[in-house]
Amino acid sequence: MVDKSIVKNEPVPQTIMFADVSGSSAIYKALGNVAAKRLIDAVIHSMRKITQAHNGEVVKTIGDEIMARFNSPADACRAAIEIQRSSQQKSHQSEQQLALRIGMDYGNTLVDGNDVFGDTVNDAACVAHIARANQLVVTQNLVDALPDELRNSCEEFDRVNLKGDTEKCFIYRVIWEGPEENHEATRVMHINHVTQKINTKQLQLSFNNQIFVITPEDVPFIIGRDHRKAHLHIDSSLASRDHCQITLQRGKFVLQDHSTNGTYVQTPDQNEIYLRREEIPLAGKGTISIGRRAHQAKELTISYQL
């Protein structure tokens, strides 16, 4: 059970979980206020029971969301997996589609009565907002604190700035889906293998007889005219100082244009796409042209390949 003897305002390691009903507004519109509230109350009740069964404590409920705390990261992860599976079962048994999104972090918190405060709470809330329907998203701190059989279910999901952080960090998605009889579904690969898999994900750029190999650790990768800031320097008045950047989102390399003149992206099976203050995921191979179409300015065209 959660330790009730914690001294007020003394830092104590806790796992914080936020879990909420995704798309609850649509449920209210579909079912009406009374039926929708009855359904969401039942979901909240189920989440509370599962939390308590895994030695956790619900700190508070906020509309269609619960906030819970656990002493053990493993207990928290197992509770979150069971909450997702239970929700999926209820969705299959009813006519109303139910989907939950869950975010968790592990670290020192300040406990005041039944409430908790601090960076761990903020980061758990942050990854919960990043999670989409039916997803369970956790921080690096939580992954590192899990036993192997649970850690093996974590796969790299994104690289983000958590609240207040200036450096990007990896967040992970816990793979909980699978046949109900496979409750050892937390078995995919060791986190070292996950890291190796992440490191093999590379984007290669070719420009002006130069080769740039970008891995998830290298993003954001800046392309532009400012030689002091850009990783790939474009010496042209058509290029903005920070013309475009390559980032990692949801495990994909994404090109983000920040420029005045725009960026053109083309693949072998797609017409040239013009971006201006927009973004596009990069897949397969193609070209990135700075400020002009590729056929108009070959000297400003970058080839890419995943």
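Here Cys126 contributes atom SG and Asp119 contributes atom CG; the two are 11.5 Å apart, rounded to the nearest 0.5 Å. To the nearest 0.5 Å, the span separating OG1 on Thr61 from CD1 on Ile40 amounts to 12.0 Å. Note: Gln135 CD to Trp176 CH2 = 10.0 Å, rounded to the nearest 0.5 Å. One finds the CE atom of Met104 at 13.5 Å from the CG atom of Asp123 (value rounded to the nearest 0.5 Å). To the nearest 0.5 Å, atom NE2 of residue His233 and atom CD of residue Gln210 are 10.5 Å apart. In this structure, the separation between NE2 on His295 and CD on Gln266 is 10.0 Å, given to the nearest 0.5 Å.
Ser86 contributes no side-chain N or O that, together with a main-chain N or O of Ile83, makes up a donor-acceptor pair within less than 3.5 Å. Side-chain atoms of His243 come within 3.5 Å of backbone atoms of Gly262 as a donor-acceptor pair (strictly under, hydrogens ignored). The closest donor-acceptor contact from the side chain of Ser236 to the backbone of Leu238 lies under 3.5 Å.
When side chains are defined from C-beta on, Thr263 does not count as touching Ile223, because their heavy atoms never get closer than 4.5 Å. Residues Val116 and Leu110 fail the side-chain proximity criterion, which asks for heavy atoms closer than 4.5 Å. Val12 is not listed as a side-chain neighbour of Asn108, based on a closest heavy-atom distance of 4.5 Å or more. Counting heavy atoms from C-beta on, the side chains of Ile102 and Gln84 come closer than 4.5 Å. Counting heavy atoms from C-beta on, the side chains of Phe253 and Leu248 come closer than 4.5 Å. Counting heavy atoms from C-beta on, the side chains of Ile171 and Ile130 come closer than 4.5 Å. Residues Gln52 and Arg48 meet the side-chain proximity criterion, which asks for heavy atoms closer than 4.5 Å. Between Val121 and Gln14 the shortest side-chain heavy-atom distance does not fall below 4.5 Å.
Counting only residues at least two apart or on different chains, the side-chain hydrogen bond (donor to acceptor under 3.5 Å, both in side chains) pairs with a member in residues 27-40 are Lys37-Asp41. Applying the salt bridge (charged side-chain N to carboxylate O under 4.0 Å, His left out) test to every pair with at least one member in residues 218-244, sequence neighbours left out, gives these pairs: Asp226-Arg228, Lys229-Asp242. Under the salt bridge (charged side-chain N to carboxylate O under 4.0 Å, His left out) criterion, the residue pairs touching residues 253-272 are Glu272-Arg293, with sequence neighbours excluded.
Criterion: ILVMFWY side-chain heavy atoms under 4.5 Å apart, direct or through other members. Under it, Ile234 and Tyr264 are not part of a common hydrophobic cluster. Val254 and Leu282 sit in two unconnected hydrophobic clusters of ILVMFWY residues. Membership requires side-chain heavy atoms under 4.5 Å apart, directly or through other members.
Heavy atoms only, all atoms of each residue included: Phe117 and Asp112 are closest at CE1-CB, 3.8 Å. The nearest pair of heavy atoms linking Tyr172 to Gln140 is OH-OE1, 2.7 Å. For the pair Leu31 and Ala36, the tightest heavy-atom approach, listed with the atom from each and the gap, is CB-N, 4.0 Å. Between Asp144 and Arg151, the shortest heavy-atom contact is O-NH2, 3.7 Å. Residue Ala19 comes nearest to Met47 through the heavy atom pair CB-SD, 3.7 Å, listed as atom of the first residue, atom of the second, then distance. Shortest non-hydrogen contact noted between Phe70 and Thr51 is CZ-CG2, 3.7 Å.
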Without placing hydrogens or testing angles, list every side-chain donor-acceptor pair under 3.5 Å for residues 274-281, not counting sequence neighbours.
from   : atom 1 : to     : atom 2 : distance (Å)
Tyr274 : OH     : Asn261 : O      : 3.2
Arg276 : NE     : Thr260 : O      : 2.7
Arg277 : NE     : His258 : O      : 3.3
Arg277 : NE     : Ser259 : O      : 2.9
Arg277 : NH2    : Ser259 : O      : 3.3
Glu278 : OE1    : Arg276 : N      : 3.3
Glu279 : OE1    : Gln256 : NE2    : 3.1

Extract all donor-acceptor atom pairs below 3.5 Å that involve side chains of residues 72-80 and protein atoms in other chains or at least two apart in sequence.
from  : atom 1 : to     : atom 2 : distance (Å)
Ser72 : OG     : Ala74  : N      : 3.2
Ser72 : OG     : Asp75  : N      : 3.1
Asp75 : OD2    : Asn55  : ND2    : 3.2
Arg78 : NH2    : Glu149 : OE2    : 3.0

Tell me which donor-acceptor pairs under 3.5 Å the side chains of residues 297-306 have, and how far apart each pair is, sequence neighbours excluded?
from   : atom 1 : to     : atom 2 : distance (Å)
Thr301 : OG1    : Ser289 : OG     : 3.4
Thr301 : OG1    : Ala297 : O      : 3.1

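Listed by chain and number, the residues in a ring-ring contact (aromatic ring centres under 6.0 Å, His included) with Phe221 are Phe212, His231 (sequence neighbours excluded). Among residues two or more places apart in sequence or in another chain, the side chain to side chain donor-acceptor pair (under 3.5 Å) test is passed with Arg173 by Glu155. For Lys60, the side-chain contact (heavy atoms from CB on, under 4.5 Å) criterion is met by Ile62, Met67, Asp115, not counting sequence neighbours. Residues forming a side chain to side chain donor-acceptor pair (under 3.5 Å) with Asn141 (at least two apart in sequence, or on another chain): none. Among residues two or more places apart in sequence or in another chain, the salt bridge (Lys or Arg N to Asp or Glu O under 4.0 Å) test is passed with Asp158 by Arg250. For the side chain to side chain donor-acceptor pair (under 3.5 Å) test, residues two or more places apart in sequence or in another chain that qualify with Thr139 are Asp105.
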* With side-chain contact (heavy atoms from CB on, under 4.5 Å) as the test, would you mind laying out the steps for Gln204 and Ile211 before giving the verdict? => CA-CA 7 Å; Gln204 180 175 297; Ile211 301 293; 3.8 Å; yes
Carefully, step by step, assess His129 and Arg101 under the rule side-chain contact (heavy atoms from CB on, under 4.5 Å).
CA-CA 8 Å; His129 288 133; Arg101 55 180 190 168; 4.0 Å; yes
query: Which is it for Leu98 and Ile27 under the side-chain contact (heavy atoms from CB on, under 4.5 Å) test, yes or no, and what are the steps along the way?
result: CA-CA 9 Å; Leu98 281 173; Ile27 295 175; 3.9 Å; yes
>> side chain to side chain donor-acceptor pair (under 3.5 Å) for Glu217 and Thr215? Distances and angles first, verdict last.
In response: CA-CA 5 Å; Glu217 287 76 17; Thr215 69; 3.1 Å; yes
- Leu205 and Leu232: side-chain contact (heavy atoms from CB on, under 4.5 Å), yes or no, with the steps? CA-CA 9 Å; Leu205 304 182; Leu232 194 165; 4.1 Å; yes
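Judged by distance alone, the side chains of Gln88 and Asn134 never bring a donor and an acceptor atom under 3.5 Å apart.
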